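Let me begin by presenting the structure, written as structure tokens, before commenting on it.
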Protein chains: 2
Amino acid sequence: MNPAVATVYIVDDDASVRRSLSRLVRQAGMDARDFASAEEYLLSREKPLQQPTCLVVDLQMPGLSGLDLQSELARRLNKRPVIFISGNADIPSTVRAMRQGAVTFLTKPFEPAELLRAIAEALEKCRKQIAADAGMNDIAARIGELTEREREVMSWVITGALNKQIAAELGIVERTVKVHRARVMEKMRVVSVAELVRLCDAVAFAPAVRPQPGS
Amino acid sequence: MNPAVATVYIVDDDASVRRSLSRLVRQAGMDARDFASAEEYLLSREKPLQQPTCLVVDLQMPGLSGLDLQSELARRLNKRPVIFISGNADIPSTVRAMRQGAVTFLTKPFEPAELLRAIAEALEKCRKQIAADAGMNDIAARIGELTEREREVMSWVITGALNKQIAAELGIVERTVKVHRARVMEKMRVVSVAELVRLCDAVAFAPAVRPQPGS
DNA sequence: GCCGCTGTTTCCCTAAGGTGCAATAGCGGA
DNA sequence: TCCGCTATTGCACCTTAGGGAAACAGCGGC
């Protein structure tokens, strides 16, 4: 409902924990949604990631564990930050969780403030991710507007190649390269090669043709 | 002595642990150096970081703890990967260690192979860091060769500004900008603006003059 | 005071980038 | 078959980038 507000997804098999955490989160002014298992969360997935969100996941759960959920999220490229909570965790699990990018790992019992602090950090991380994704998508969309030939020309332009070199490489005349190049600059909405290079590097735009492996 | 070999620094207050870990490391074909305390390691510092190295640190030690050592290393910009080992660690310490970038955290007793695997990972990470640092230093050195004016002109060039715009901005004639620009390209050893942009972005070269905060 | 480095400028010329206009050609869809 | 998109090219013209040659000026060091 509230589009500007953050949402915390709580995944825990213990109903009383879900209730108390939800209450805590809501009292702090955020939305809370809870799930009784990793599977339940995975089935409910709302992919977009438009709004800052994060997960608070119990380590031990019947079925998929918290670590399994984290791995699955990574596999699905779901970049929501994860906070683990656990009553009796061991070091190896903690290490694995952190290595896989968990924001933190809290052991029950913990101070409510401690969780809220972790949530704040996770949401901030998520906001940055959203902003970064938005930028990347924007650039990718522009690249998507290019024709194959234009992409090809662009891949040469961002290496600093001269029009005549590009022309020779593609077996066409320089005038044609200029036409493609102009369209690239227009569609990518840049006015200088410097900007074009930055956009392409930001999304790791790769050539396809350039790296001549043979010769 | 052996310049091509990796070295593992072992920091543990227990002499028998130091002996056994050193033996393990040497048997695996790497050099080992051990220290009885964090302080001892910090005093022995050989700064360069030319060769792949990593640290294996005990969490609990008299004086500075393993975590303290890790923090101090971070403060000193010593980027050697750290592997923690501990007999009786708790989750918060593990989380803190991992958040601060530890490669992993092993609890004693652990399989020798497990430590060797972690060391291999840490050394690989170190190699990449060394390579990245070398690249950055190389670029930074070139920027260091530039005069103030040349750096100023470069900061404008990498934004895609035209010579005439730069000239107007600096209150000089276009021909002068061309002179500086040519020296920049020469000293930075690039032949295109595209390459120059990449070098500058790689080291996060910032302007100094550009972001006019006032007006 | 002379020398070297840096920054600056003027005159002039070539090469490369960028555009407008016009035309040809292949291809897939209405 | 005509239309629209994409790719291509030729011609002419203007703007930028890049240099060569020569010179002047401030500054710190010998």
Side-chain angles (χ1 to χ4, degrees), chain A residues 139-201 205-210 212, chain B residues 139-201 205-210 212:
Chain A
I139 298 170
R142 295 184 203 176
I143 292 179
E145 291 173 13
L146 301 178
T147 65
E148 264 311 305
R149 201 54 154 171
E150 285 160 359
R151 260 188 290 276
E152 202 173 355
V153 169
M154 181 169 77
S155 74
W156 284 98
V157 170
I158 59 176
T159 66
L162 299 179
N163 287 341
K164 66 163 55 175
Q165 296 175 317
I166 301 174
E169 202 69 37
L170 301 182
I172 55 180
V173 171
E174 196 178 330
R175 183 66 183 85
T176 308
V177 173
K178 290 185 181 181
V179 172
H180 290 314
R181 187 168 180 154
R183 293 231 170 84
V184 167
M185 300 299 277
E186 183 194 338
K187 291 183 178 177
M188 295 300 288
R189 286 176 234 157
V190 294
V191 295
S192 69
V193 176
E195 297 170 78
L196 187 65
V197 168
R198 289 210 176 79
L199 290 195
C200 289
D201 283 5
F205 173 74
V209 224
R210 239 113 44 51
Q212 45 240 306
Chain B
I139 298 170
R142 294 183 203 176
I143 293 179
E145 292 174 13
L146 301 177
T147 65
E148 264 311 304
R149 202 51 154 173
E150 285 161 359
R151 260 189 289 279
E152 202 173 357
V153 168
M154 182 169 76
S155 74
W156 283 98
V157 170
I158 59 176
T159 66
L162 299 179
N163 287 341
K164 66 163 56 174
Q165 297 175 318
I166 301 174
E169 204 67 37
L170 302 183
I172 55 181
V173 171
E174 193 178 333
R175 185 65 183 85
T176 308
V177 174
K178 290 185 183 180
V179 173
H180 290 315
R181 186 170 181 153
R183 294 231 171 85
V184 167
M185 300 299 277
E186 183 195 338
K187 290 183 179 176
M188 295 299 288
R189 287 176 236 158
V190 293
V191 295
S192 68
V193 176
E195 297 170 78
L196 186 66
V197 168
R198 288 207 176 81
L199 290 195
C200 289
D201 283 6
F205 173 75
V209 223
R210 240 114 43 50
Q212 45 241 303

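Every value quoted in this text rests on a predicted model; they were computed, and no experiment measured them. Residue numbering restarts at 1 for every chain, and letters A, B, ... go by the order of the sequence lines.
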In whole angstrom, what separates [X]'s [atom1] from [N]'s [atom2]?
{"X": "A:Leu196", "N": "C:dG18", "atom1": "CG", "atom2": "P", "answer": "11 Å"}
{"X": "A:Ile166", "N": "D:dA7", "atom1": "CD1", "atom2": "C1'", "answer": "16 Å"}
{"X": "B:Glu145", "N": "C:dC5", "atom1": "CD", "atom2": "P", "answer": "14 Å"}
{"X": "A:Met154", "N": "D:dA7", "atom1": "CE", "atom2": "P", "answer": "13 Å"}
{"X": "A:Glu150", "N": "D:dT6", "atom1": "CD", "atom2": "P", "answer": "7 Å"}
{"X": "B:Arg151", "N": "C:dT6", "atom1": "CZ", "atom2": "C1'", "answer": "13 Å"}
{"X": "A:Leu146", "N": "D:dT6", "atom1": "CG", "atom2": "C1'", "answer": "13 Å"}
{"X": "B:Leu162", "N": "D:dT15", "atom1": "CG", "atom2": "P", "answer": "13 Å"}

| said: Check this for me: does the side-chain of B:Arg183 come within 3.5 Å of the base of C:dG7 through a donor and an acceptor? | reply: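 Absent.
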Distance-only donor-acceptor test, A:Arg175 side-chain atoms vs C:dG17 base atoms, 3.5 Å: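 Side chain to base: no pair present.
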- Item | Residue mapping more 5' on DNA chain C - nearest nucleotide basis, A:Met185 or B:Glu148 |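 Comparing both residues, the 5'-ward one is B:Glu148.
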Q.
Can you identify which nucleotide, out of C:dT10, D:dA17, D:dT9, has its nearest atom closest to the B:Arg181 side chain?
A.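 Nearest to the side-chain atoms of B:Arg181, counting from C-beta on, is D:dA17.
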**Study point:** Closest nucleotide among D:dG18, D:dA7, C:dG17 to the B:Lys178 side chain
**Key:**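 Of D:dG18, D:dA7, C:dG17, D:dG18 is nearest to the side chain of B:Lys178.
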Self-check item: First of A:Val179 and A:Lys187 reached from the 5' end of DNA chain D, by closest nucleotide
Solution: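 Whichever sits nearer the 5' end wins; that is A:Lys187.
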* Evaluate side chain to side chain contact (heavy atoms under 4.5 Å, CB included) for B:Ile158 paired with B:Val193, printing each intermediate quantity in order. => CA-CA 7 Å; B:Ile158 59 176; B:Val193 176; 5.8 Å; no
B:Ile172 vs B:Val177, test: side chain to side chain contact (heavy atoms under 4.5 Å, CB included). Steps then yes/no.
CA-CA 7 Å; B:Ile172 55 181; B:Val177 174; 3.9 Å; yes
Using a 4.0 Å heavy-atom cut-off, does A:Arg149 contact any base of the nucleic acid, only the sugar-phosphate backbone, or nothing at all?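 Since only primed, P, OP1 and OP2 atoms lie under 4.0 Å of A:Arg149, the category is sugar-phosphate.
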Practice task
Evaluate the criterion side chain to side chain contact (heavy atoms under 4.5 Å, CB included) for residue pair B:Ile166 and B:His180; output intermediate values, then yes/no.
Solution key: CA-CA 11 Å; B:Ile166 301 174; B:His180 290 315; over 6 Å; no
Problem set entry | Side-chain donor-acceptor contact under 3.5 Å, B:Ser155 with B:Glu152 |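 On atom types as modelled, these side chains do not qualify, holding no pair under 3.5 Å.
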Output yes when at least one side-chain N/O atom of [X] is less than 4.0 Å from OP1 or OP2 of [N], else no.
{"X": "A:Asn163", "N": "C:dA16", "result": "no"}
{"X": "A:Thr147", "N": "D:dC5", "result": "no"}
{"X": "A:Thr176", "N": "D:dA7", "result": "no"}
{"X": "A:His180", "N": "D:dT8", "result": "yes"}
{"X": "B:Lys164", "N": "D:dT16", "result": "yes"}

With a 4.0 Å cut-off, would you call B:Glu145 and B:Arg142 a salt bridge?
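B:Arg142 and B:Glu145: not salt-bridged.
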